> 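Following this message is one structure expressed as structure tokens.
In what follows, chains are A, B, ... by sequence order, proteins preceding strands, each numbered from 1. Everything numeric in this text was worked out from a predicted model, so none of it was measured.
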Amino acid sequence: MSNNYKPLPKEFYLSNDVCQLAQLLLGKYLISKIDKKLCVTKIVETEAYKAPEDKGSHAYNNKITARTNTMFAEGGRSYVYLCYGIHNMFNVVTGPTGTAHAILVRAVEPIFGIKFIAERRNIKDIKNLTNGPGKVCHALGITREDNNKQLYLDNKKIYLADNNPLNTKDIYKGPRVGIAYAEECANWPFRFYIKDNPWVSHPKIVKY
DNA sequence: GCGACGATTCGCT
DNA sequence: GCGAATCGTCGCG
């Protein structure tokens, strides 16, 4: 099963254009093999975070802390952090070493292992299984233990697999969710999702 | 050591 | 639509 999904090579993640990569990630597969449960999902929504100039980024102004350290690693690693004391957030680190770019995976579409996903989420409405960044981590079993791990090796707990890029006309671009504090950066069109995909998170449109 | 806050979610009104 | 939940991280001193 998992052999059908070819990992994205490390080189994929090394571009400096984090917004282009965030769009290229749409349609790609996010796969977890945790607790012997294989779960395959398709990425349908992403957000780019572009330090140093991005006030919405934890690494704004290239601020290095114990937490943001991961974002400065070479592209192709995970950045997982805890939000609101409750929810884990899964990001893909991009760019060369020293560049603190990251892409938040906000929503995915369940493809395989839906039974495991539903068990972890423990809710009935299938459309609410993975339509939010905290839900994605809960559904796939991703926690802060999975921070700073390589994502380009298919024998690991978490990896990303290739798929054909989407047509630009099928991609929505708009302001990111939940970063009102980021001042002028709040309105940057760094949120991307697949138009009309039923698994995209709420709200569909953000206004600051 | 302490206080403020958050790249959210869920349940209730 | 609104408020509570819940705790690691960060800045201050």
Side-chain angles (χ1 to χ4, degrees), chain A residues 18-19 21-23 25-26 30 41 43-73 75 77-95 99-110 117-148 151 158 172-194 198-208:
Chain A
V18 66
C19 286
L21 284 177
Q23 291 167 83
L25 278 185
L26 295 176
L30 173 59
T41 65
I43 297 172
V44 301
E45 179 178 354
T46 58
E47 282 179 355
Y49 287 84
K50 192 170 188 272
E53 64 267 41
D54 184 358
K55 292 181 180 177
S57 171
H58 296 155
Y60 171 58
N61 210 16
N62 277 343
K63 183 176 64 176
I64 299 178
T65 67
R67 181 173 66 158
T68 66
N69 199 41
T70 303
M71 301 177 81
F72 292 87
R77 285 178 174 264
S78 57
Y79 170 49
V80 184
Y81 70 93
L82 189 67
C83 188
Y84 291 98
I86 307 172
H87 308 291
N88 291 295
M89 303 279 132
F90 174 79
N91 296 250
V92 177
V93 174
T94 67
T99 300
H101 293 173
I103 300 167
L104 172 68
V105 176
R106 288 194 55 85
V108 300
E109 175 178 336
I117 288 173
E119 281 175 5
R120 289 193 180 106
R121 294 279 294 124
N122 194 29
I123 58 167
K124 290 172 183 168
D125 184 0
I126 189 169
K127 283 297 191 300
N128 285 330
L129 287 178
T130 53
N131 61 338
K135 298 175 187 179
V136 169
C137 286
H138 190 197
L140 293 177
I142 299 172
T143 69
R144 282 188 309 128
E145 290 181 16
D146 303 303
N147 180 48
N148 200 6
L151 297 172
I158 305 168
Y172 165 89
K173 304 177 191 182
R176 293 167 290 182
V177 181
I179 57 163
Y181 59 85
E183 300 173 346
E184 76 275 13
C185 305
N187 276 311
W188 289 357
F190 281 17
R191 181 193 189 195
F192 309 97
Y193 61 72
I194 302 177
W199 301 93
V200 168
S201 76
H202 293 282
K204 306 300 177 195
I205 305 288
V206 177
K207 258 310 208 182
Y208 293 106

> Between C1' on B:dT9 and CG on A:Asn122, what's the gap in Å once rounded to a whole number?
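Taking atom C1' of B:dT9 as the reference, CG of A:Asn122 is at 14 Å.
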> I want to check one thing: is the phosphate of C:dG11, taken as OP1 and OP2, less than 4.0 Å away from some side-chain N or O of A:Lys63?
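Result: yes.
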> For B:dA7, does OP1 or OP2 lie under 4.0 Å from any side-chain N or O of A:Tyr84?
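No, outside the criterion.
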> Does a side-chain N or O of A:Arg144 approach OP1 or OP2 of C:dT9 to a distance below 4.0 Å, or not?
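Result: yes.
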> 5'-most contact on DNA chain B: A:Val177 or A:Ile123, nearest heavy atom basis?
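Residue closer to the 5' terminus by nearest nucleotide: A:Val177.
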> Contact class for A:Leu104 vs. all strands (heavy atom < 4.0 Å): base, sugar-phosphate, or nothing?
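The residue A:Leu104 makes base contact.
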> For residues A:Asn131 and A:Lys135, is any side-chain donor paired with an opposing acceptor at under 3.5 Å?
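A:Asn131 vs A:Lys135: donor-acceptor pair found between side chains.
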> In whole angstroms, how far is the P atom of B:dC10 from the NE2 atom of A:His138?
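Distance, rounded to whole Å: 9 Å.
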> Check this one for me: any side-chain N or O of A:Arg121 less than 4.0 Å away from OP1 or OP2 of B:dC10?
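A:Arg121 to B:dC10 OP1/OP2: side-chain N or O found under 4.0 Å.
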> Ring centres within less than 5.5 Å and planes less than 30° apart: is that true of A:Tyr81 and C:dG8 in this structure?
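Whether judged by distance or by angle, A:Tyr81 falls short somewhere, so it does not stack on the base of C:dG8.
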> Rounded to whole Å, how long is the line connecting atom CE of A:Met89 with atom P of B:dG6?
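Atom-to-atom, A:Met89 to B:dG6, this comes out as 14 Å.
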> At 4.0 Å (heavy atoms only), tell me whether A:Arg176 reaches a base, stays on the sugar-phosphate, or touches nothing.
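Result for A:Arg176 = nothing.
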> By the 4.0 Å heavy-atom rule, please label A:Gly56 as base, sugar-phosphate, or nothing.
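Here A:Gly56 touches the bases of the nucleic acid.
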> Dot-bracket notation for DNA chain B is requested: 5' to 3', Watson-Crick or G-U wobble pairs only, both distances under 3.5 Å, with ( ), [ ], | and . as defined.
||||||.|||||.
> Counting only side-chain nitrogens and oxygens, does A:Arg106 get under 4.0 Å of the OP1 or OP2 atom of B:dT8?
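Result: yes.
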> If only side-chain N and O atoms of A:His58 are considered, is one of them under 4.0 Å from the OP1 or OP2 phosphate oxygen of B:dA7?
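Answer yes for this pair, as a side-chain N or O of A:His58 is under 4.0 Å from OP1 or OP2.
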> Which of these, A:Asn88, A:Thr41, A:Ile158, A:Val105, sits in a side-chain contact (heavy atoms from CB on, under 4.5 Å) with A:Leu140?
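Only one of A:Asn88, A:Thr41, A:Ile158, A:Val105 forms a side-chain contact (heavy atoms from CB on, under 4.5 Å) with A:Leu140, namely A:Thr41.
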> Return the minimal non-hydrogen interatomic distance between A:Ala22 and A:Thr46, and the atom names on each side.
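Heavy atoms of A:Ala22 and A:Thr46 come nearest at O-OG1, 2.8 Å.
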